[in-house]
2 protein chains.
Amino acid sequence: MTKEAAGRARPGRTPVPAGRRARPRQAEVARLAGVSQATVSLVLSGRATATGRPISEETRKKVLDAAHSLGYVPDPAASRLAAARNNLLGVYSFTATFPTDVRHSYYPFLVGVEQEAAAQGYDIVLFTGSSSGGAGAAGAGALNRVRLADGCLFLGRHVPVDELHRLVADGFPVVHVGRRDEVEGLAWVGADYVSAGREVVTALTGLGHRRILLVREDDDAPASTDRERGFLDGLTASGLPAGPNAVVRCGDPRREVTADRVRAWFADGVTAFVAEETDTGAAWRALRSAVAEAGLSCPGQVSLALLGSPPPDLADGPVPMGFDIPRPALGAEAVRLLASRIGGGAVGSTLVACTFRPGATAGAPATP
Amino acid sequence: MTKEAAGRARPGRTPVPAGRRARPRQAEVARLAGVSQATVSLVLSGRATATGRPISEETRKKVLDAAHSLGYVPDPAASRLAAARNNLLGVYSFTATFPTDVRHSYYPFLVGVEQEAAAQGYDIVLFTGSSSGGAGAAGAGALNRVRLADGCLFLGRHVPVDELHRLVADGFPVVHVGRRDEVEGLAWVGADYVSAGREVVTALTGLGHRRILLVREDDDAPASTDRERGFLDGLTASGLPAGPNAVVRCGDPRREVTADRVRAWFADGVTAFVAEETDTGAAWRALRSAVAEAGLSCPGQVSLALLGSPPPDLADGPVPMGFDIPRPALGAEAVRLLASRIGGGAVGSTLVACTFRPGATAGAPATP
DNA sequence: CGCATTACCTAATACGCATTAACGAGCCGG
DNA sequence: CCGGCTCGTTAATGCGTATTAGGTAATGCG
């Protein structure tokens with residue numbers, strides 16, 4: 001089964017494109033230096049000494065001189081092929097990574113991702129759910145495209161679980177940004193919404209509030225569930241009832257959280273409202289404008305808090321009490337975890353703490 | 001000299017890393033489909049029919065099914081090494097692509113780049129200039145990593161000209177976003193500041209202004225030079241003198257454009273001021289506050305215009321007359337040009353038109 | 001002086017994909 | 001019924017670099 005037939009056929013492409021080669025290869029450096037290609041590789045990669053394979057100073061110098069005089073630059077394709085590693089780290093988001101409309105993109109995560117990836121020696125490949133690029137087709141196997149990278153980060157609230165599971169099951173290194181437990185074996189880094197939510201509620205009860213309402217959207221993403229969980233924990237911890245009527249869940253906050261309803265809640269004794277942060281910020285927007293429209297002053301009559309950060313277009317308003325999600329840190333942590341997985345590390349998931357933000361929308365409740 | 005020694009030594013790395021491979025190869029697809037690796041390549045690359053080497057419909061289907069069920073994706077490094085495309089499009093920026101300081105971000109360009117790249121079937125690889133990792137080390141060979149992709153876009157004011165030139169000279173497809181003439185053979189896409197500047201001036205003279213002053217910074221970037229050129233063209237086209245005293249060039253606008261000077265210019269008959277846009281927006285800031293401080297109303301007494309877009313932190317002020325740089329369009333155009341170069345197209349550079357913005361800072365001059 | 005070390009290098013792979021010469025199988029025409 | 005087709009597929013390369021088993025002097029040791 002060995003190459004006894006060698007020398008018979010000579011396929012492949014033309015050996016040399018007529019004129020002088022554009023780029024020198026290690027083989028040419030080797031010829032000029034009077035050594036073998038392997039030696040050139042050893043010298044240039046610096047691996048020689050590292051692996052206990054000594055190279056004489058004289059040879060090293062000859063090789064370096066030759067390489068320099070020929071202007072040798074390594075071909076990254078060949079390096080990566082030989083090393084069986086592309087040093088490519090995928091980032092998959094289910095919407096365009098750079099959206100035109102919603103400024104609320106994944107940008108803050110990417111700040112951390114880019115930085116940490118660079119630090120770890122990876123370049124980033126951007127995959128978006130919308131794009132049909134690459135060799136893979138769209139639709140069913142859309143996620144498969146990411147396999148060209150050494151590993152991949154996933155961003156987004158709504159993920160095709162089956163496909164993701166398939167990747168994980170195949171042993172492809174994957175890390176999800178955001179908690180996600182329903183996919184078995186999936187590593188993730190998430191923000192600790194439970195603790196952060198609890199802290200916000202505790203701050204409000206500390207101010208004296210006894211009736212607090214959470215306005216959330218009708219979405220079962222873990223991020224929403226955790227926030228509610230933290231909210232309820234906070235109530236319980238403060239000795240308040242954490243019943244279902246402490247939470248308003250609405251499909252369309254704009255329509256369901258009206259000035260009238262806010263007025264009614266206020267009349268009923270509610271002195272503080274808490275909204276969850278989502279992609280669109282719908283809950284917070286609705287709450288904010290309903291309170292204003294109802295003619296209630298904040299924080300004079302009612303206190304408001306936001307479980308997250310306000311959407312950028314509302315940045316000029318008063319800073320809401322709430323917490324900040326350390327998105328760049330999350331992104332960086334995700335990269336670290338992914339790099340570890342690529343290197344064969346275990347599947348540890350991580351929770352990152354959020355930082356409490358006192359803000360200017362909460363005060364002691366009015367005492368009529 | 002043939003391989004008669006084969007079978008003796010068996011170096012290379014371990015054939016299979018214990019468990020099942022994460023990434024399927026063509027060979028595995030072939031095994032599953034019951035054909036040879038070559039057939040898989042022929043089918044998947046679509047080159048079969050093109051090269052007059054027909055594949056039966058049955059075989060094609062078997063192969064596609066197998067590839068799909070394995071989640072096969074071609075290895076970009078291997079494709080590239082084998083002198084083929086990998087549908088990766090590099091984006092290299094000389095600073096972080098996602099800076100914490102949003103002001104200098106390339107975000108608006110990337111919106112267009114991402115969209116057009118997706119439309120053309122490319123995935124995007126982000127090569128971060130600051131990265132010291134990857135195959136290439138920092139400094140000398142930093143740009144070399146981009147050779148893994150089919151072509152690369154470059155963004156940034158400060159470019160290592162030598163390295164870039166090397167890429168261009170080697171025939172690697174490169175497009176620079178922003179005009180850049182000092183690198184020979186480099187293709188670029190830029191904004192047409194000359195026409196846009198002329199249009200702004202024409203709008204002002206159309207309103208009746210006869211004495212217009214350009215405030216620019218002391219910087220010889222093409223973007224600045226072109227704006228001045230357009231400004232002067234506009235004056236000439238309106239039959240006004242385009243002498244050097246129509247332009248104020250200052251190293252530190254904050255200090256050189258004062259309320260006193262503005263008052264003096266106004267007394268001298270200047271009814272309209274034009275500032276250039278730069279990274280910092282220094283000229284515009286200085287002009288804006290000097291006019292306000294001088295107690296001159298705008299657009300009542302003096303008209304203002306900005307050759308570009310206002311810095312984000314001034315976004316809430318009145319919209320200045322001027323023009324908008326179509327950054328997403330520029331990004332998209334750059335991708336189109338790059339795709340064409342990858343396909344063997346010529347090195348055409350392109351100017352993209354800016355859109356005039358009437359704004360609210362310009363009106364007819366007062367007639368005392 | 002003979003054998004074990006050491007110090008340096010080279011030969012011979014493999015990496016995954018694209019390409020092409022060659023081969024086997026049907027199909028005609030003579 | 002056989003040479004010459006066409007059609008479909010495979011075997012055997014090459015791309016440029018990394019890796020590792022071996023080989024060969026030079027040196028050490030008893």
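Throughout, protein chains are lettered first and strands after them, A, B, ... in sequence-line order, and every chain is numbered starting at 1.
Between B:Gln26 atom CD and D:dA11 atom C1' the separation is 15 Å, expressed in whole Å. Regarding B:Leu44, its CG atom lies at a distance of 9 Å from the P atom of C:dC17, rounded to whole Å. If you measure from atom CZ of A:Arg85 to atom C1' of C:dA14, you get 17 Å, rounded to the nearest angstrom. Counting to the nearest Å, the C1' atom of C:dC9 and the CD atom of A:Glu57 are 16 Å from each other. At whole-Å resolution of the value, CG in A:Leu81 and C1' in D:dG14 are 12 Å apart. The nearest whole Å value for the distance from the CD atom in B:Gln37 to the C1' atom in C:dA18 is 8 Å. Between the CG atom of A:Asp150 and the P atom of C:dC15 there is a distance of 16 Å, given to the nearest Å. Taking atom CZ of B:Arg60 as the reference point, atom P of D:dC7 lies 15 Å away to the nearest angstrom.
Picking from D:dT17, D:dT9, C:dA7 the nucleotide with the shortest atom distance to the side chain of B:Ile55 gives D:dT9. Set against C:dT20, C:dC17, D:dA18, the side chain of B:Leu42 has C:dT20 as its closest nucleotide. Distance from the side chain of A:Thr39 is smallest to C:dT10 among C:dC17, C:dT10, C:dT20.
In this structure, CD in A:Glu57 is found 9.0 Å from NZ in A:Lys61, a value given to the nearest 0.5 Å.
Checked by atom type and distance alone, the side chain of A:Asp150 pairs as donor or acceptor with a backbone atom of A:Asn86 at under 3.5 Å.
Phosphate proximity of C:dA18 to B:Ser45: absent, as no side-chain N or O sits under 4.0 Å from OP1 or OP2. In this model, the phosphate group of D:dT9 is approached by a side-chain N or O of B:Thr59 to a distance below 4.0 Å at OP1 or OP2. Close to D:dT17, at under 4.0 Å from its OP1 or OP2, lies no side-chain N or O of A:Ser79.
Across A:Leu126, A:Asp123, A:Leu110, a single residue satisfies side-chain contact (heavy atoms from CB on, under 4.5 Å) together with B:Leu126, and that is A:Leu126. Of the residues B:Phe172, B:Trp188, B:Tyr92, B:Phe127, the one that meets the ring pair (Phe, Tyr, Trp, His ring centres under 6.0 Å) test with B:Phe154 is B:Tyr92.
Taking the nucleotide of DNA chain D with the nearest heavy atom to each of A:Ser41 and B:Ser36, the more 5' of the two is matched to B:Ser36.
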With Watson-Crick and G-U wobble geometry limited to distances under 3.5 Å, how should the secondary structure of DNA chain D be encoded in dot-bracket form, using | for bases paired to another strand and [ ] for crossing pairs? ||||||||||||||||||||||||||||||

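More than 12 heavy-atom neighbours from other residues, nucleotides or ligands sit within 6.0 angstrom of CD on A:Glu182.
Using a 4.0 Å cut-off between a side-chain N of Lys or Arg and a carboxylate O of Asp or Glu, B:Arg31 and B:Glu28 do not qualify as a salt bridge. Salt bridge absent: A:Asp162 and A:Arg166 never bring a charged side-chain N and a carboxylate O closer than 4.0 Å.
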Might you work through the side chain to side chain contact (heavy atoms under 4.5 Å, CB included) test for A:Val335 and A:Gln115, ending with a clear yes or no? CA-CA 9 Å; A:Val335 169; A:Gln115 196 170 353; over 6 Å; no

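When heavy atoms are screened at a 4.0 angstrom cut-off, A:Ala38 is found touching base atoms of the nucleic acid. Across all strands shown, B:Val35 has heavy atoms under 4.0 Å from sugar-phosphate atoms exclusively, and none from any base. Within the nucleic acid shown, A:Ser56 comes within 4.0 Å of sugar-phosphate atoms alone, with no base atom in reach, counting heavy atoms only.
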